[in-house]
Asks: 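Quick one: the structure is below, and I'll ask about it shortly.
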Amino acid sequence: MSGNKVLHVSKFYPPYKGGIEDVCCSIVRSVGGFAHKVICFNMGRKNSIYEVDNGVEVVRVGAVSQCFSQPISFDFFFMLRRLMKSYAPDIVHLHVPNPFSAIMTLLALRKETKLVVHWHSDIIKQRFSYLFYKPFERMLLKRADRIFVTSPNYMDCSFPLRGFKDKITVIPNGIAVKKMELPENSDEVMASIKQRFDNKKIVFFMGRHVTYKGLEMLLAAEPYIEEDCVIVIAGNGPLTKELMAKSKSDRVVFIGEISDGEIAPYMTAASVLAFPSITKNEAFGIVLAEAMYCGTPPVTFTIEGSGVNWVNLKDETGLEVSNGDYKSFGLAVNRLLADDDLRNRLGQAARQRIVENFTMDKVKHLVEKEYADLLAK
C-alpha cells in the first residue's frame, strides 16, 4: 500500500487559516500507508511555489484575480495536468466547495484515477455564480468514486447530494489532539489569561468575523447575560471593524488572532463557548469540537442540515436554542454561567463525545479504510 499516491486539491493550505484547509492538512499529516502531495492556490500572484511541509510537497499556484471568493489562475490547469502525469496519483482527493479547481480537476483527471470528493459544504452565498457552476458540480458528483461528507445531517439535507447517497461515506472532521495539549506551565498560562480579564468568568468566541458566524447575534445576546463575565472574541475578518463599532458594552473584548499554542489555554480557561453560527456554511465546527475537547460546554443555534447539532448534542454536551433567537442565546449562556453543576456535567460529557468520535486518530482510520477499499476495486 505504501506505493499508492494521493493528490489533494485544496483551495488553500496552511499556514493559511481556514476550516477546510485545516482538515486537508490533518488528513495529509495523519493518514498513513500512502504518499501525499498537495496542489492549492498561493495567496498572491507569485506562481509555482514548491514547499515541503512535514515531508509532503505542497505546490502553490499563483492566482491572477479572485471572483466570488474564488481564486482564478490560468496556470492551475497546466500545473494540475502536469502533476497528473509526473506524480500519477492513484487517488485525487478534491476538497470542495472550490468551483474553479473542481472544473480543472474534471478536465485534467485520468480515467483510471479514483476521485474522492470531500464535501465540506454546499455553496450557499454565491447563488448567481452557482447557476453557472451547477452543471459542472453534477458532473463532478457523477464522476466521483466516493463522496465524503462531514456529518449525517449534511448528507440528509444537502440538495446537490440527493441521488448520490450510494457513494457517500460520513467522515467527520477530527481535531488534532496534540494541538490541544496544554503547555507544561498551563496553570501559569491560564492564571495569566484569567488575570487579564480580572478573574471574571469567560465566554469565549473564536473564528473568522464573517456573516454566517453570527457575531452580531452574540453582541445582541450580551444584554441578556446577567452573570458577571467577560465576552472574549478572538479572530478577525471583514466584519471586525463594523462589529467593534456596534459593540457598546465594556464586557466585550476583541483580542484579535491568537496563536495555535494559545487556543487550548483560552478554551480551557473559558467557562462557556459561544458558537452563534447561523447558516449551513458552518457545516461542522472544528472550533466547537476543540472547545468541547477542553471540557468547555457550548451554546449553539439550531441549524437545519448542519453538523453543528450533531457534534453538540442538545442538553447532553451543551445547550442549543432556536436559530436567530439571540435573547434565548444570551439566557442559555447565563444559565451555564450561573449553574456550576450543569456546566461541569455538560463539559465532561462534551469532552467524552469528542474523545470517542472526533479526534484525528479516529478519523484517519476511516480515511485509510476508504482509500484502501477504493483501490481494491
Asks: For Glu262, is the CD atom crowded, meaning more than 12 foreign heavy atoms sit under 6.0 Å from it?
Replies: yes
Asks: Which pair of heavy atoms, one from Ser306 and one from Tyr154, lies closest together, and at what distance?
Replies: CA-CD1, 4.2 Å
Asks: Answer yes or no: are there more than 12 heavy-atom neighbours, outside Glu304 itself, under 6.0 Å from its atom CD?
Replies: no
Asks: Does the ring centre of Phe148 sit less than 6.0 Å away from the ring centre of His93?
Replies: yes
Asks: Would Lys165 and Asp156 pass as an ion pair if we require N to O under 4.0 Å?
Replies: yes
Asks: Evaluate whether atom CD of Glu242 has more than 12 neighbouring non-hydrogen atoms of other residues, nucleotides or ligands under 6.0 angstrom away.
Replies: yes
Asks: With rounding to the nearest 0.5 angstrom, report the CD1 to NE2 distance, Ile91 to His8.
Replies: 8.5 Å
Asks: Answer yes when Asp145 and Arg143 have at least one side-chain N-carboxylate O distance shorter than 4.0 Å, and no when they do not.
Replies: yes
Asks: Could you report the tightest heavy-atom contact between Val333 and Ile225, atom names first, then the distance?
Replies: CG1-CD1, 3.8 Å
Asks: Looking just at side-chain N and O atoms, do Thr302 and Asn323 make a donor-acceptor pair shorter than 3.5 Å?
Replies: no
Asks: Within this structure, what is the CG-CG distance for the pair Asp260 and Asp22, rounded to the nearest 0.5 Å?
Replies: 8.0 Å
Asks: Salt bridge or not for Lys179 and Glu290, using N-O below 4.0 Å?
Replies: yes
Asks: For the pair Arg353 (side chain) and Val311 (backbone), establish whether a donor and an acceptor sit closer than 3.5 Å, ignoring hydrogens and angles.
Replies: yes
Asks: Donor-acceptor check, side chain of Asp339 to backbone of Leu342, threshold 3.5 angstrom: yes or no?
Replies: yes
Asks: Mind checking whether Tyr371 and His36 have parallel, tilted or perpendicular rings, split at 30° and 60°?
Replies: tilted
Asks: Classify the angle between the aromatic ring planes of Phe136 and Phe132 as parallel (below 30°), tilted (30 to 60°) or perpendicular (above 60°).
Replies: tilted
Asks: Strictly below 4.0 Å, N to O, side chains only: are Lys11 and Glu21 in salt-bridge contact?
Replies: no
Asks: Assigning hydrophobic clusters by single linkage (Ile, Leu, Val, Met, Phe, Trp, Tyr; side-chain heavy-atom cutoff under 4.5 Å), is Ile171 placed with Ile20?
Replies: no
Asks: Would you indicate whether Tyr266, at its atom OH, is surrounded by more than 12 heavy atoms from other residues, nucleotides or ligands within a distance under 6.0 Å?
Replies: yes
Asks: State whether a side-chain donor-acceptor pair under 3.5 Å links Glu222 with Ser249.
Replies: yes
Asks: Report the relative orientation of the aromatic rings in His209 and Phe205; use parallel for angles under 30°, tilted for 30 to 60°, perpendicular for over 60°.
Replies: tilted
Asks: Please lay out, stage by stage, how Thr268 and Leu182 fare under the test side-chain contact (heavy atoms from CB on, under 4.5 Å).
Replies: CA-CA 9 Å; Thr268 305; Leu182 291 169; 3.7 Å; yes
Asks: Nearest 0.5 Å, please: how far is OG1 in Thr240 from CD in Glu257?
Replies: 8.5 Å
Asks: In terms of heavy-atom contacts, does NZ of Lys167 have more than 12 from other residues, nucleotides or ligands at under 6.0 Å?
Replies: yes
Asks: For Phe301 and Glu320, which heavy atoms make the closest approach, and how far apart are they?
Replies: C-CG, 4.1 Å
Asks: Do the side chain of Ser277 and the main chain of Gly214 share a donor and acceptor less than 3.5 angstrom apart?
Replies: no
Asks: What's the separation between atom CZ in Arg196 and atom NZ in Lys200, rounded to the nearest 0.5 Å?
Replies: 14.0 Å
Asks: Does a donor on one side chain and an acceptor on the other come within less than 3.5 Å for Asn281 and Thr279?
Replies: yes
Asks: Is the side chain of Arg251 donor-acceptor paired with the backbone N or O of Ile231 at a distance under 3.5 Å, no angle test?
Replies: no
Asks: For the backbone of Ser101 and the side chain of Thr105, can you confirm whether one donor and one acceptor N or O come within less than 3.5 Å of each other?
Replies: yes
Asks: Is there a donor-acceptor pair closer than 3.5 Å between any side-chain N or O of Lys5 and the backbone N or O of Tyr87?
Replies: yes
Asks: Between the main-chain N or O of Leu336 and the side-chain N or O of Arg343, is there a donor-acceptor pair closer than 3.5 Å?
Replies: yes
Asks: Could you walk me through whether Val232 and Val252 pass the side-chain contact (heavy atoms from CB on, under 4.5 Å) check?
Replies: CA-CA 6 Å; Val232 178; Val252 178; over 6 Å; no
Asks: Quick check against the 3.5 Å criterion: does Arg146 have a side-chain atom that pairs as donor or acceptor with the backbone of Leu115?
Replies: no
Asks: Do Phe358 and Phe284 have ring centres separated by under 6.0 Å?
Replies: yes
Asks: Taking all non-hydrogen atoms of both residues, which atom of Cys40 and which atom of Val58 are closest, and how far apart?
Replies: SG-CG1, 4.1 Å
Asks: Go through the steps to decide whether Val363 and Asn173 satisfy the test side-chain contact (heavy atoms from CB on, under 4.5 Å), and finish with yes or no.
Replies: CA-CA 7 Å; Val363 172; Asn173 294 339; over 6 Å; no
Asks: Are the charged groups of Asp122 and Lys280 less than 4.0 angstrom apart, N to O?
Replies: yes
Asks: Is there a donor-acceptor contact under 3.5 Å from the side chain of Asn334 to the main chain of Glu226?
Replies: yes
Asks: For Thr317 and Asn312, does a side-chain donor sit closer than 3.5 Å to a side-chain acceptor?
Replies: yes
Asks: Is NZ or CZ of Lys142 both nearer than 6.0 Å to the six-membered ring centre of Phe164 and within 45° of the ring axis?
Replies: no
Asks: Are the charged groups of Asp373 and Lys114 less than 4.0 angstrom apart, N to O?
Replies: no
Asks: If only side-chain N and O atoms count, and only distance matters, is there a donor-acceptor pair under 3.5 Å linking Gln348 with Gln352?
Replies: no
Asks: If you look at every heavy atom in Asn98 and Ser10, which pair is closest and at what distance?
Replies: ND2-C, 3.4 Å
Asks: Kindly work out whether a path of hydrophobic side-chain contacts (I/L/V/M/F/W/Y, heavy atoms less than 4.5 Å apart) joins Leu366 to Val23.
Replies: yes
Asks: Does the side chain of Met292 come within less than 4.5 Å of Pro298's, by heavy atoms?
Replies: yes
Asks: Verify the distance criterion only: is there a donor paired with an acceptor across the side chains of Ser192 and Gln195 at less than 3.5 Å?
Replies: no
Asks: State the CD1-NZ distance between Ile233 and Lys213, to the nearest 0.5 angstrom.
Replies: 13.5 Å
Asks: Quick one: do Ile39 and Phe76 satisfy side-chain contact (heavy atoms from CB on, under 4.5 Å)? Show the steps, please.
Replies: CA-CA 9 Å; Ile39 181 172; Phe76 194 90; 3.9 Å; yes
Asks: If you look at every heavy atom in Trp310 and Ser151, which pair is closest and at what distance?
Replies: CE3-CB, 3.3 Å
Asks: Would you say the side chain of Leu243 lies within less than 4.5 Å of the side chain of Phe254, judging by non-hydrogen atoms?
Replies: yes
Asks: So, Asn153 side chain and Val308 main chain: donor-acceptor pair closer than 3.5 Å or not?
Replies: no
Asks: To the nearest 0.5 Å, what is the distance between CE (Met84) and CG (Leu107)?
Replies: 10.5 Å
Asks: Examine the side chains of Asp325 and Ser322 and answer whether a donor and an acceptor come within less than 3.5 Å of each other.
Replies: no
